[in-house]
Participant: 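Just dropping this structure here.
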Amino acid sequence: MSPTSETAQGGRRLVIVESPAKAKTIKGYLGPGYVVEASVGHIRDLPNGAAEVPAKYKGEPWARLGVNVDADFQPVYVVNADKKEQVKKLKGLLAESDELFLATDEDREGEAIAWHLQEVLKPKVPVRRMVFHEITKDAIQAAVANPRELNKKLVDAQETRRILDRLYGYEVSPVLWKKVMPRLSAGRVQSVATRLVVERERERIAFSSAEYWDLTGTFGTGRGGDTSDPASLVARLTSVDGRRVAQGRDFGANGRLKDAAQVLHLDEANARALAAALEQSSFAVRSVESKPYRRSPYAPFRTTTLQQEASRKLGFGAKATMQVAQKLYENGFITYMRTDSTTLSDTAVGAARAQVTQLYGADYLPEKPRTYAGKVKNAQEAHEAIRPSGDRFRTPAETGLTGDQFRLYELIWKRTVASQMKDAVGNSVTVRIAGRASDGREAEFSASGKTITFHGFMKAYVEGADDPNAELDDRERRLPQVAEGDALTAEEITADGHATKPPARYTEASLVKELEEREIGRPSTYASIIGTILDRGYVFKKGTALVPSFLSFAVVNLLEKHFGRLVDYDFTASMEEDLDRIARGEAQAVPWLRRFYFGEGSEDSGKAAAAGNGDGDHLGGLKELVTDLGAIDAREISSFPVGEGIVLRVGRYGPYVERGEKDSEGHQRADVPDDLAPDELTVEYAEELFAKPSGEYELGTDPQSGHAIIAKDGRYGPYVTEVLPEGTPKTGKNAVKPRTASLFKSMSLDTVTLDDALKLMSLPRVVGADAEGVEITAQNGRYGPYLKKGTDSRSLESEDQIFGITLEEALAIYAQPKQRGRAAAKPPLKELGTDPVSERPVVVKDGRFGPYVTDGETNATLRRDDDVETITPERGYELLAEKRAKGPAKKTAKKAAAKKAPAKKTAAKKTAAKKTTAAKTTTAKKTAAKKTTAKKAAAAKAE
DNA sequence: CAGTGAGCGAGCTTCCGCTTGACTT
């Protein structure tokens, strides 16, 4: 029975897919009686943060995680804020339907979405799980006719993955906040991605280049040449007296030959001498070797290969590629762009083959359709390969597309068509040429050529190369037609120097490729992984290269030393294996999570899924690792030796180099530019930084003292200071401290003048004296401009008043009673009535951390979703009640922690916390200022 | 990482995978 006739019997079916574009297409294949709507991805997830945790769990110790780790890892699910409306819509549609088809993708995530839909929609009508891997009329109708049941085990596997990622991310990130810098993050995918980039940079740092030389000879045949038979050939020296001449690949990363006995390492003198000795020699062809050449087309695109090719050929970043592809998909030009499959549907194969015949002729069409085995190990193959949509491919010209969309479509179209074409065939030839030098040595040269006799798929498409010097596959190199024994004359022999190069940095595309090979990340996340590690400041881009920051060195260092198992390159792959076992019902989620979180021994049997460094039999759980952080020495993990006693440290405000102990003689310290590539930090460069700390502007000389005046960017923002002459004691009894002063808010490092600086450094200014003769001064401080009379200080409204205020005005200010604190000075923003518990009046006030409600005893900051204008008294009471409930619990926790930690450390932490708040707003500025400085320096150099 | 003078409410940051708009620059 066909689905349409079934429908005719009455009843309406609701089909839910993941993507709206897919819904639109499928609608057309199912006809009337079917309502097709999209879930638009996941509809529920673990709560993002405290704000999303349902009230009833708020007090729980695990609420922060959204997973009850004490009760079999029971997850808390909330409908995503941006999906509430869609869920409502689906509920409405379901109410009018007699049957529900859950047609989400057939992979782990899709199965989970189907389950969440069922949980949230609570259907009272029959529910079917419907699956398909290609969007063609036949496939869809077959799918609707053959539904199956929801696979709860697969859902379990997805949930386990979700919980693991949450525990990893939300437990390890706070360790970084405490030990390195706030707002950092760690995760199963991003941390390994970062580690890959860091390790590559370490290789570059450890790399020493080797120099080697060889000869290039141009040999003439003595015949007049033409295009099919050139008159000469260019060959490289390959061996001398039977010993192979060393090439780049013969050298190790240490710059030394891997096997010195096997090869001959030519240096410049040697090479030049040999070239001279060969000048008069006669040469002959020693051998000609011809081999058939054959090359098969590349598989159709999947997400990663599309990103790579778009990067190589169109210069698109991963994100741009996906955005353009999304548009093509939405407008029906291509199939789904987030896929790990290279499989083409029968329809697609038919369309491609038809087009091959039409455009290139039957000679280019293989007898049988080509199939491409999945290369990706953990592929879930829920979709087809990326290809032009439809059962007849539109040529790029027919699409009417323009710009980037046209170019990307053309790429996809060509690749798809080429994938159904014949192999390219031809010949590759190697010619060896020998000659004896005047000093008796025998030299052998070699040249290789390639001719293509049948271009096959290359007629349509040739893959790009990452290395700009690499030859593309369809490139021919024709050699003259020579035979063994033919005499040749050396027209020119030159000695060429080469140097081995360190491994290249990752690009977006090559990092994504590497991640895919290691089974890390999914098609929908590859582009955003790059985004995450860029956002966190772990890497930055230099051209197309991804350069790791020093910050990432510190983070990776910490993770490797203390969470080794978690950043193991095989962690995800082994997780995938375990998840597959859970999906097959061979393993259980809860014991697996228990081992991961609580450690080996918390569960009796089974394979370890533990988190830390595997020492012996006991494998520690993640919880143990993040609870006791005493073993993590923040200073040690953030320190990297540069050489000669110089250490690079990653501080809260960025990287800096340091030499000697603090406060000791000869101690030096200098900021390192944020965008310095780690492999460029040498001892020499550090010395340069010490000599002239970055971000320093010379303003001129103080005519009074003769001291140079400079402007710098400091911990508390930009300031000016004087350079004391050398030999001025900086420590001890006779220490002289340089005069310093913060810039006014109205000034900037770029524009501040010597006059400004001298004026600032003249502060405090004496305004006058009061009736009792006590001096009143005006100055600039931590909280802005203020007046000071003995110990009595008063804030001023503007910086200009420091220089402008008269004694009269100052006395008037002192005549007023002292305003204690800004908060007290401000009237409440809003009154909310009387709190039912404390029976005190509740008001909204504006404070340091933004608006908050208070009843005079308990204070609670408004949450992200609250608004001063719209907040109700009830919400105010609720916030206060929450705070009262939470307050004591937090205090005891803090106390306990303080007791454990050494007193000194606690103090240091407090200061750090304070600074963070103050510095928050200035950080961005500081970075910006730094960058300008660096640019200026570069410009100065260029001049 | 410069070195000055208050008195005050912390709460939140963070993961990986599915999906698109709705926003602002």
Side-chain angles (χ1 to χ4, degrees), chain A residues 18-22 38-43 45-46 48-51 64-66 80 82-83 86 104-105 107-110 112-113 158 161-174 176-177 182-191 326 330 338 521-525 528-529 532 536 649 651-654 656 658 662 669-671 693 712-717 719-721 737-742 763-764 779-783 786-788 791-795 818-824 845 847-854 858-864 883 890 913 917:
Chain A
E18 288 181 38
S19 146
K22 203 190 238 183
S39 73
V40 198
H42 273 292
I43 53 154
D45 192 12
L46 300 175
N48 233 327
R64 187 178 67 79
L65 299 170
N80 304 2
D82 57 337
K83 297 295 164 53
Q86 192 63 16
T104 49
D105 297 347
D107 56 19
R108 205 160 60 207
E109 298 295 327
I113 294 173
Q158 189 278 343
R161 198 266 323 143
R162 181 67 191 93
I163 292 171
L164 173 122
D165 281 333
R166 169 53 63 90
L167 295 175
Y168 185 146
Y170 275 38
E171 290 286 29
V172 181
S173 297
L176 298 181
W177 304 342
R183 290 172 169 277
L184 296 179
S185 63
R188 174 174 57 82
V189 172
Q190 60 167 289
S191 294
Q326 174 84 28
E330 282 171 15
R338 292 184 274 262
R522 303 281 313 138
S524 67
T525 62
S528 61
I529 295 166
T532 301
R536 296 280 169 275
R649 290 189 203 288
R652 239 154 226 276
Y653 307 103
Y656 60 96
E658 192 173 37
K662 204 183 167 198
R669 191 173 237 188
D671 270 336
K712 288 167 82 169
D713 202 5
R715 209 173 7 160
Y716 306 118
Y719 68 102
V720 288
T721 188
K737 296 221 163 161
R739 292 172 298 158
T740 62
S742 283
L763 294 174
Q779 56 237 282
N780 203 17
R782 195 174 153 191
Y783 308 104
Y786 68 103
L787 291 173
K788 190 178 171 183
T791 54
D792 192 3
S793 66
R794 301 294 169 88
S795 284
K818 182 163 171 120
Q819 298 280 323
R820 287 205 151 265
R822 273 168 61 188
K845 286 182 168 183
R848 254 197 314 173
F849 308 116
Y852 64 102
V853 286
T854 177
T858 310
N859 304 307
T861 303
L862 297 199
R863 301 298 158 77
R864 242 194 327 228
K883 185 64 199 295
K890 203 171 182 184
T917 349

Participant: Separation of A/R188 atom CZ from B/dC15 atom P, in whole Å?
Facilitator: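 Answer to the nearest Å: 13 Å.
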Participant: Does A/S795 reach a base, just sugar-phosphate, or nothing at all? Heavy atoms under 4.0 Å.
Facilitator: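 A/S795: base contact, heavy atoms under 4.0 Å.
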Participant: When all nucleic acid strands are considered with a 4.0 Å heavy-atom cut-off, which category describes A/G521: base, sugar-phosphate, or nothing?
Facilitator: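 Sugar-phosphate, no base atom in range.
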Participant: Using a 4.0 Å heavy-atom cut-off, does A/P738 contact any base of the nucleic acid, only the sugar-phosphate backbone, or nothing at all?
Facilitator: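 It contacts nothing in the nucleic acid.
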Participant: Nearest to the side chain of A/R669 - B/dT14, B/dT20, B/dC1?
Facilitator: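 Comparing B/dT14, B/dT20, B/dC1 against the side chain of A/R669, the answer is B/dC1.
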Participant: Do A/R794 and A/Y786 have side chains that approach each other closer than 4.5 Å (heavy atoms only, starting at C-beta)?
Facilitator: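 No, too far: nothing below the 4.5 Å cut-off.
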Participant: So what does A/A38 touch, heavy atoms closer than 4.0 Å: a base, only the sugar-phosphate, or nothing?
Facilitator: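 Counting heavy atoms under 4.0 Å across all strands, no contact is made by A/A38.
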Participant: Would one find a side-chain N or O of A/Q779 under 4.0 angstrom from OP1 or OP2 of B/dG5?
Facilitator: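 Answer no for this pair, as no side-chain N or O of A/Q779 is under 4.0 Å from OP1 or OP2.
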Participant: For the pair made of NZ in A/K83 and C1' in B/dG21, what is the distance, rounded to whole Å?
Facilitator: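 Taking NZ of A/K83 and C1' of B/dG21, I get 11 Å after rounding.
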Participant: In whole Å, what is the span from the CD1 atom of A/I113 to the C1' atom of B/dG17?
Facilitator: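 Computing the A/I113:CD1 to B/dG17:C1' distance gives 8 Å.
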Participant: Have a look at A/Y656 and say if it touches a base, only the backbone sugar-phosphate, or nothing, with a 4.0 Å heavy-atom cut-off.
Facilitator: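 Here A/Y656 touches no strand at all.
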Participant: Send over the distance from A/L176 CG to B/dT13 C1', rounded to a whole Å.
Facilitator: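 In whole Å, B/dT13 C1' and A/L176 CG are 12 Å from each other.
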Participant: For A/Y168, answer base if it contacts any base atom (sugar-phosphate contacts may also be present), sugar-phosphate if it contacts only those atoms, and nothing otherwise; contact means non-hydrogen atoms under 4.0 Å.
Facilitator: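 Nothing, no heavy atom under 4.0 Å.
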Participant: Would you say whether A/Y852 stacks on B/dA10? The test is a distance between ring centres of less than 5.5 Å and an angle between planes of less than 30°.
Facilitator: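 No; by the centre-distance and plane-angle rule, A/Y852 does not count as stacking on B/dA10.
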Participant: Of the listed nucleotides (B/dG11, B/dT19, B/dG3), which one gets closest to any side-chain atom of A/E18?
Facilitator: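 Closest nucleotide among those given: B/dT19.
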Participant: Given B/dC15, is OP1 or OP2 found less than 4.0 Å from the side-chain N or O atoms of A/S173?
Facilitator: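 Looking at the OP1 and OP2 atoms of B/dC15, neither is under 4.0 Å from any side-chain N or O of A/S173.
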Participant: With a non-hydrogen cut-off below 4.0 angstrom, is A/R108 in contact with a base, only sugar-phosphate, or nothing?
Facilitator: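 The answer is nothing, as A/R108 stays clear of every strand by at least 4.0 Å.
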Participant: Taking any heavy-atom pair under 4.0 Å as a contact, classify A/T740: base, sugar-phosphate, or nothing.
Facilitator: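 Counting heavy atoms under 4.0 Å across all strands, the contact made by A/T740 includes a base.
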Participant: Hey, are A/R166 and A/E171 close enough for a salt bridge, meaning a charged N less than 4.0 Å from a carboxylate O?
Facilitator: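 Result for this pair is no, no salt bridge flagged.
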Participant: Are any of the side-chain heavy atoms of A/Q190 and A/S185 separated by less than 4.5 Å?
Facilitator: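 Heavy-atom side-chain distance check passes, below 4.5 Å.
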Participant: Are A/D105 and A/K22 ion-paired here, with the side-chain N under 4.0 Å from a carboxylate O?
Facilitator: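 Looking at A/K22 together with A/D105, the answer is yes, because their closest N to O distance falls below 4.0 Å.
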Participant: Please report the distance, rounded to the nearest Å, between CG in A/N80 and P in B/dT20.
Facilitator: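 Going from CG in A/N80 over to P in B/dT20 covers 15 Å.
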Participant: Quick check on B/dC15: is either OP1 or OP2 less than 4.0 Å from any side-chain nitrogen or oxygen of A/R536?
Facilitator: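 Answer yes for this pair, as a side-chain N or O of A/R536 is under 4.0 Å from OP1 or OP2.
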Participant: What is the distance from CZ of A/R166 to P of B/dC15, rounded to the nearest Å?
Facilitator: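 Spelled out: CZ on A/R166 to P on B/dC15 is 10 Å.
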Participant: Phosphate oxygens OP1/OP2 of B/dG3: is one of them under 4.0 Å from a side-chain N or O of A/S742?
Facilitator: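 A/S742 to B/dG3 OP1/OP2: no side-chain N or O under 4.0 Å.
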Participant: What heavy-atom pair brings A/L763 and A/N780 nearest, and what distance separates the two atoms?
Facilitator: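 Reported closest heavy-atom pair: CD1-N, 4.4 Å.
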Participant: For A/Q190 and for A/E330, find the nucleotide of DNA chain B with the closest heavy atom, then tell me which residue's nucleotide is more 5'.
Facilitator: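 So the residue in question is A/Q190.
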Participant: Is the phosphate of B/dG17 approached by A/Q158 (side-chain N or O, under 4.0 Å from OP1 or OP2)?
Facilitator: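 So the side-chain polar atoms of A/Q158 never come under 4.0 Å of the phosphate oxygens OP1 or OP2 of B/dG17.
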Participant: Of the listed nucleotides (B/dT14, B/dA2, B/dG17), which one gets closest to any side-chain atom of A/R64?
Facilitator: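 For A/R64, the side-chain atoms sit closest to B/dT14.
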Participant: Would you classify A/N780 as touching base, sugar-phosphate or nothing, given that sugar-phosphate means primed atoms plus P, OP1 and OP2, and contacts are heavy atoms under 4.0 Å?
Facilitator: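 Base contact.
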Participant: A/S793 side chain: which of B/dG5, B/dG17, B/dC15 is closest?
Facilitator: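 It is B/dG5.
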Participant: Would you mind reporting whether A/T721 and A/R739 have side-chain heavy atoms less than 4.5 Å apart?
Facilitator: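 No. Closest side-chain heavy atoms not under 4.5 Å.
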Participant: OP1 or OP2 of B/dC16 versus the side-chain N and O atoms of A/R522: is any pair under 4.0 Å?
Facilitator: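 A/R522 to B/dC16 OP1/OP2: no side-chain N or O under 4.0 Å.
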Participant: What nucleotide, of B/dC16, B/dT14, B/dT19, holds the atom closest to the side chain of A/S524?
Facilitator: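 Nearest to the side-chain atoms of A/S524, counting from C-beta on, is B/dT19.
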Participant: Is A/S185 near enough to B/dC15 that one of its side-chain N or O atoms lies under 4.0 angstrom from OP1 or OP2?
Facilitator: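 Yes, because at least one side-chain N or O of A/S185 sits under 4.0 Å from OP1 or OP2 of B/dC15.
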Participant: Would you please confirm or rule out a distance under 4.0 Å between OP1 or OP2 of B/dT20 and any side-chain N or O of A/R338?
Facilitator: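 So the side-chain polar atoms of A/R338 do come within 4.0 Å of the phosphate oxygens OP1 or OP2 of B/dT20, strictly under.
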Participant: Check every atom of B/dT19, B/dG5, B/dG17 against the side chain of A/Y786 and return the nucleotide holding the closest atom.
Facilitator: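 The answer is B/dG5, which lies nearest to the side chain.
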Participant: Indicate, with a heavy-atom threshold strictly under 4.0 Å, whether A/L184 touches base, sugar-phosphate, or nothing.
Facilitator: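 Counting heavy atoms under 4.0 Å across all strands, the contact made by A/L184 is with sugar-phosphate only.
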Participant: If the cut-off is 4.0 Å, is A/T525 near the phosphate of B/dG17, judged by side-chain N/O to OP1 or OP2?
Facilitator: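 Checking B/dG17 against A/T525, a side-chain N or O does come within under 4.0 Å of OP1 or OP2.
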Participant: Measure CG/A/N48 against C1'/B/dC16 and give the value in whole Å, please.
Facilitator: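 So the CG-C1' distance, A/N48 to B/dC16, works out to 11 Å.
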Participant: Using centres under 5.5 Å plus planes under 30 degrees as the test, is A/Y170 stacked with B/dC15?
Facilitator: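 No, A/Y170 does not stack on the base of B/dC15.
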Participant: Output the rounded distance in Å from CG (A/L763) to C1' (B/dA2).
Facilitator: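 Roughly 15 Å, once rounded to whole Å.
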Participant: Is the backbone N or O of A/R188 less than 3.5 Å from a side-chain atom of A/S191, with the two atoms forming a donor-acceptor pair by type?
Facilitator: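 Looks like no, no N/O pair under 3.5 Å.
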Participant: Does some side-chain heavy atom of A/P182 sit less than 4.5 Å from a side-chain heavy atom of A/R652?
Facilitator: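 Yes; the side chains approach each other to less than 4.5 Å.
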Participant: Within the 4.0 Å heavy-atom criterion, would you say A/G187 contacts the bases, only the backbone, or no part of the nucleic acid?
Facilitator: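 Counting heavy atoms under 4.0 Å across all strands, the contact made by A/G187 is with sugar-phosphate only.
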